[in-house]
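Working notes, beginning with the structure itself.
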Amino acid sequence: MRVTMILPALTEATSPMFRPVKYALFPPLGLATLAGYLHPDDEVRIWDEHVERLRIDDDRPDLVVIQPYITSARRSYELADGYRARGVPVAMGGLHVTSLPEEAAAHADTIFVGPGEDTWPVFLEEFRRGEPRRRYDSTTRTLTGLPPVRRDLIARHRYLVPNSIVVSRGCPHHCDFCYKDAFFEGGKSFYTQTVDAALAEIDRLPGRHVYFLDDHLLGNRRFAEALFAGMAGTGRVWQAAGTVDSVLAPGLLEQAVGAGLRSLFVGFESINGDNLRTQRKRQNIGRDYAAVVRRLRDLGVMVNASFVFGMDGDAPDVFDRTVDWAVAQGIETATFHIMTPYPGTGLYRRMAAAGRITHDDWDRYDTRHVVYRPVGMTPRQLEDGYWRAYREFYRWAAIWRGASTKDQTRDRLRHLAYAGGWKKFEPLWDVLIRTGGITRALPLLESALASFGGRPAAPAHRTVGGPV
């Protein structure tokens, strides 16, 4: 059987000028995971439109599998319609399909609602018999017996971080704006691989650097501790995502650092405590954000902070206050978002019921556009403030100010190099992406990360107090 698997490009990743490096960071692991269930003699290829031009005009496989996200939905439907017009059956699944299955079903022969570990193998068996169903709904949640990811199908040279990995699914928390909450409806919303299987997958990865794409790697403490114990002494350096409460959990972060953690994505979301309560971000409520940053910093872990603007408690001053706080903490990199009510979320249902949704053009649901009526400011103020926050945080003056919060010269230089390199050299990143040479920058990333971590707890830094 010949199978083509496609990850269509997000709208925000298709700029004719520059391709931001974050869209060429990771290969499409979801599709490579599904490919592991195919027979060894099946002919399979994976196309990622973020890093290569699709050549589909003459492509006539036996099956096409497309994974849409919300801002690639329009493109996904175009591709699906084109294949179906040529008589090629199309299967679709993922976040957007799960949130709007009826919409997706109009463009596919088969759709998958929820995770595919239990339904995809059933579909393949039925498809080979010529009896595929129109819809498969996930009910059984387990990663036991998961086949190895088909990394042989991934063009490693096209990605800065080819060693990405996922060892769990979902998240133990249920935030009101989270797109993935609806994805796991109907079964467990957070589950892990066995520790032995996760360690075996890590062992198969070449080089030193690993990036865990898990929504919350630290979400199951017993699993995390066993994983870190197995990774200790292997020489790996790795990045992951965690929550503010997991950072403050006694002993857990130290174990992660001992196993090679060097950078952590943390969803601070808002410096306004009332916003956190409204959005059910309970794991952040009452936490001292400055203590979170200080704890990571004292253990030598870089911070990639995430913030969301436009919650109902936000006023026009939220942008400058957020940037000032983040720079004063010495946070290396920050990601800003405009709150976006994704279909299928509690936030979307509340806003739709109140008549506050203003657009159903999914191309605009990229966390850079306002698609609802804000409370504390106008849509223009919200969009302008969002862009201003990015400009102000990544100004050289702000980068220098953030670096100056570090005690040691090497830490200051590293801050300058990492924060500056991420945003100030987009033309260079664009050249590397377009020429397929982005992996050449991986040794620099590994060197920067390897110089972090493993240090004893430092004296308390003088920082701005926690916002919540």
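The shown structure was predicted, so the numbers you read here are calculated from the model rather than taken from an experiment.
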Parallel, tilted or perpendicular: which describes the rings of Phe307 and Trp325, with under 30° parallel and over 60° perpendicular?
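Aromatic pair Phe307/Trp325 classed perpendicular.
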Parallel, tilted or perpendicular: ring planes of Phe212 versus Trp238, cut at 30 and 60 degrees:
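Plane angle over 60°, so perpendicular.
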May I have the step-by-step check of side chain to side chain contact (heavy atoms under 4.5 Å, CB included) for Leu54 and Leu79, ending in yes or no?
CA-CA 10 Å; Leu54 301 187; Leu79 293 170; 3.9 Å; yes
Decide yes or no on side chain to side chain contact (heavy atoms under 4.5 Å, CB included) for Arg208 and Thr234, but give the supporting numbers first.
CA-CA 9 Å; Arg208 296 188 64 196; Thr234 62; over 6 Å; no
pair [X]-[Y]: side-chain heavy atoms closer than 4.5 Å:
X	Y	result
Val318	Met377	yes
Val244	Tyr289	yes
Arg401	Asp324	yes
Val167	Thr192	no
Pro27	Ser164	yes
Glu103	His96	yes
Asp314	Met339	no
Glu49	Ile6	no

Heavy-atom donor-acceptor pair, [X] side chain to [Y] backbone, under 3.5 Å:
X	Y	answer
Thr367	Ile338	no
Tyr418	Thr333	no
Thr11	Asp363	no
Tyr394	Ala334	yes
Thr33	Leu29	yes
Tyr365	His359	yes
Arg169	Ser189	no
Arg158	Val51	yes

What about Tyr77 and Trp362, are their ring centers closer than 6.0 Å?
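Not under 6.0 Å, so no.
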Apply side chain to side chain contact (heavy atoms under 4.5 Å, CB included) to residues Phe228 and Leu252 and explain how you reach the verdict.
CA-CA 9 Å; Phe228 301 155; Leu252 184 58; 4.1 Å; yes
Might you point out which heavy atoms bring [X] and [Y] nearest each other, and give the distance in Å?
X	Y	answer
Phe190	Gly170	CD1-O, 3.3 Å
Gln67	Ser72	O-OG, 4.5 Å
Arg295	Leu253	NH2-CB, 3.7 Å
Arg55	Arg53	NH1-O, 3.4 Å
Ala73	Pro68	CA-CB, 4.4 Å
Arg156	Asn163	NH1-OD1, 3.0 Å

Between [atom1] on residue [X] and [atom2] on residue [Y], distance to nearest 0.5 Å:
X	Y	atom1	atom2	answer
Leu261	Gln239	CG	CD	8.5 Å
His209	Leu160	NE2	CG	8.0 Å
Arg294	Leu296	CZ	CG	11.0 Å
Glu332	Met302	CD	CE	6.0 Å
Leu153	Leu31	CG	CG	10.0 Å
Ser404	Ile399	OG	CD1	12.0 Å

Which is it for Asp407 and Arg412 under the side chain to side chain contact (heavy atoms under 4.5 Å, CB included) test, yes or no, and what are the steps along the way?
CA-CA 8 Å; Asp407 293 330; Arg412 294 173 183 170; 5.9 Å; no
Tell me which donor-acceptor pairs under 3.5 Å the side chains of residues 379-387 have, and how far apart each pair is, sequence neighbours excluded?
from	atom 1	to	atom 2	distance (Å)
Gln381	OE1	Thr378	N	2.9
Gln381	OE1	Thr378	OG1	3.4
Glu383	OE2	Val370	N	2.9

Say whether [X] and [Y], considering side chains only, have a donor N or O and an acceptor N or O under 3.5 Å apart.
X	Y	result
Asp81	His107	yes
His50	Asp48	yes
His337	Glu269	no
Asp214	Ser168	yes

Of Phe268, Tyr390, Phe319, the residue whose pairing with Phe336 passes ring pair (Phe, Tyr, Trp, His ring centres under 6.0 Å)
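Single pass found, and it is Tyr390.
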Under a 4.0 Å N-O cut-off, is there an ion pair linking Arg356 with Asp312?
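Salt bridge: yes.
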So does Arg74 pair up with Asp361, basic N to acidic O under 4.0 Å?
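No salt bridge links Arg74 with Asp361.
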